[in-house]
K.L.:
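First the structure, then my questions, so here it is.
Residue numbers run from 1 in the order of the sequence given. This is a predicted model, so every value here is computed, not measured.
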Amino acid sequence: RMDCEQILKDLQMINSVFMKGFKYNKHLLNRIYYLEKTSAPADHRAIIVSVDLLRSSPKESNSFNSNEFLDLSNSAGLVIEDHIFSKQNFVSASHFLTKGKVEELKTLVTEKDIKLVLLDCELSPSQERNLETILCARVLDRTGLILDIFASRAQSDIGKLQVELAQLSFLSTRLVRGWSHLERQKGGIGLRGPGETQLETDRRLVGNRIKQLKNRLKKQHNQKNLNRYSRKKGEDKLVALVGYTNAGKTSLFNSLTKGGLYAADKLFATLDTTTRKADFKSKTLSTVLFSDTVGFISNLPTKLIESFKATLDDLSSADLLVHVVDAADPESDFKVQQVNLILDDLGVDKIPQIRVLNKSDLMPDTLIKPSGNEHPEIKVSAETGDGLDQLKTQISEMLFGEILTGWICFSPTQAAIRSKLFDSGCIVKEEIDENGSYQSFIEISKSMLQQFDHLEGAHALKPIST
């Protein structure tokens, strides 16, 4: 009995030590994952600083868009207390902003008791620390703000993994300030402070977690490749909706598939890729799938592109890209250029493409002018449904060839073929002649007609446009 009691005490002691270590590591990991970045402050008021680096090229000056950064801030649920501008010819190595602008910003932060300052630029870790030291407030740059929005919108498992990977990659160079209250390394042997040891532990934990995330994402990526292979083997066609954020991709996706996804007038309302079957007949036996992807944005940080490659890889397997453009946006031309640059970087610019001028109901039709590019352009309103039928026809033609129309004669023994054409939506109307045969008026894609070219009247069909 004494031996059993001693063994029980030993087990309790081991369990206590293990749980203490587990709680410490869990607390430490949580501290690293959300280190002064991913959790919003209790006070949601913020000051925005739009930085315009005076550029010599008018083409480059278009990349300065303060309204877009305001929309990003509103999407994050922040209350904009003040908005200041900084026009400068150079970047300060220590604070990014000029000395005078830093003093002006410090006065505003002190007077209004602001706890968060947002800068529409990319800050280095040292610049971020220096600004926080002077302002006595948290400082977020463009990447930090986008990461915060992504963290709140990710719903799927792969989306959460990608966001966490992007967060850890971003925070790995900013761990030093999390332990600024501890000792630093001092001169002399044996005087290595606990702060340095703690930082090394943090970096090791972050590095291990990044490796785990990459391995899990690799498995997810392999699974997606199997799904793509299965789809290709089944001759299904994939249409990917791409475009600038808040261009109306999800609303159009819902109209084409009856997907019922959440759509809102804000940036990055959709983060996870969703695939649904088309809700219309494509005049063929193949299944058409639509994929709603994450929206693009100008100056998208490289770390985010790297982290979201598993999602963007869906574009490379698409048979057709539908580039959704907000026709009512006065800056639509610039945003189209930004999307084309990202598509080019991803290596999918050679995939056939349709350009959809969405939100055509928000402005007169005469003001919506085609850009004269090499891709077909269609004016559509996902809200009212105008132009959707034309878009569906264009998608079918680009996937399966032009649509042919005319009368086909079916004998009573060809009921199975007639049934297939009915299921695919090819038969528009039909009549029964005096011999008991069906005279059917059909609309059929050229690729599908090749399977039924033996039917009477098949060679007499003409393109629907004529």
Side-chain angles (χ1 to χ4, degrees), residues 26 28-41 44 68-69 71-78 116 118 122-123 125 128 138 140-175 178 202-203 205-224 242 244-246 249-250 261-264 266-275 291-315 342 345-346:
K26 184 179 179 181
L28 182 57
L29 284 172
N30 288 335
R31 180 184 180 87
I32 295 171
Y33 294 165
Y34 304 101
L35 183 61
E36 302 183 355
K37 284 293 178 186
T38 56
S39 58
H44 292 276
E68 182 177 271
F69 195 67
D71 293 337
L72 279 173
S73 304
N74 292 327
S75 295
L78 297 174
L116 179 61
L118 304 176
E122 297 297 322
L123 297 176
E128 200 170 311
R138 184 203 285 168
L140 272 181
D141 62 358
R142 185 182 182 86
T143 303
L145 179 60
I146 294 176
L147 279 174
D148 184 84
I149 296 174
F150 280 12
S152 63
R153 305 280 165 80
Q155 299 294 330
S156 66
D157 182 52
I158 189 171
K160 292 177 181 179
L161 291 177
Q162 290 172 148
V163 170
E164 187 177 353
L165 177 60
Q167 286 175 329
L168 289 179
S169 300
F170 178 73
L171 295 178
S172 59
T173 58
R174 290 164 167 80
L175 292 175
D202 292 352
R203 293 191 182 105
L205 291 174
V206 169
N208 291 339
R209 181 60 178 170
I210 288 177
K211 290 179 182 179
Q212 293 175 3
L213 291 175
K214 288 183 176 180
N215 290 334
R216 292 177 62 181
L217 282 173
K218 186 177 180 180
K219 292 180 180 179
Q220 295 271 11
H221 184 67
N222 293 336
Q223 181 62 46
K224 280 182 170 289
V242 300
Y244 211 81
T245 181
N246 203 29
K249 295 185 300 300
T250 302
L261 297 184
Y262 171 72
K266 57 184 178 181
L267 304 186
F268 297 115
T270 300
L271 185 61
D272 299 312
T273 299
T274 305
T275 302
S291 182
D292 185 22
T293 60
V294 61
F296 299 149
I297 195 170
S298 61
N299 301 322
L300 190 65
T302 306
K303 293 174 182 173
L304 295 186
I305 297 178
E306 290 294 327
S307 299
F308 282 81
K309 272 189 175 179
T311 296
L312 298 176
D313 276 348
D314 290 338
L315 301 181
I342 296 177
D345 291 339
L346 295 172

K.L.:
Which residues satisfy the side-chain hydrogen bond (donor to acceptor under 3.5 Å, both in side chains) test with Thr245, sequence neighbours excluded?
P.N.:
none
K.L.:
When rounded to the nearest 0.5 angstrom, what distance separates CZ in Phe150 from CD in Gln167?
P.N.:
11.0 Å
K.L.:
For the atom pair CG (Leu217) and CG (Asp157), what is the distance rounded to the nearest 0.5 Å?
P.N.:
8.5 Å
K.L.:
To the nearest 0.5 Å, how far apart are CD in Gln162 and CZ in Arg216?
P.N.:
12.0 Å
K.L.:
Any side-chain heavy-atom pair from Gln212 and Glu164 closer than 4.5 angstrom?
P.N.:
no
K.L.:
Which distance, rounded to the nearest 0.5 Å, do you find between the CG of Leu72 and the CD1 of Ile149?
P.N.:
4.5 Å
K.L.:
For Ser291 and Thr275, which heavy atoms make the closest approach, and how far apart are they?
P.N.:
OG-OG1, 3.5 Å
K.L.:
To the nearest 0.5 Å, what is the distance between CG (Leu145) and OG (Ser73)?
P.N.:
5.0 Å
K.L.:
Suppose we screen for side-chain hydrogen bond (donor to acceptor under 3.5 Å, both in side chains). Which residues come up paired with Asp71, at least two apart in sequence or across chains?
P.N.:
none
K.L.:
Can you check whether Leu78 reaches Leu118 side chain to side chain, under 4.5 Å on heavy atoms?
P.N.:
yes
K.L.:
Where the side chain of Asp148 meets the backbone of Gly144, is there a donor-acceptor pair that is under 3.5 Å apart?
P.N.:
no
K.L.:
State which residue, out of Thr293, Thr274, Asp292, fulfils the side-chain hydrogen bond (donor to acceptor under 3.5 Å, both in side chains) condition with Thr250.
P.N.:
Asp292
K.L.:
Return the CG to CG distance between Asn215 and Leu161, rounded to the nearest 0.5 Å.
P.N.:
11.5 Å
K.L.:
Might you point out which heavy atoms bring Tyr244 and Lys249 nearest each other, and give the distance in Å?
P.N.:
O-NZ, 3.1 Å
K.L.:
Using side-chain heavy atoms (C-beta onward) and a distance below 4.5 Å, is Ile342 in contact with Val242?
P.N.:
no
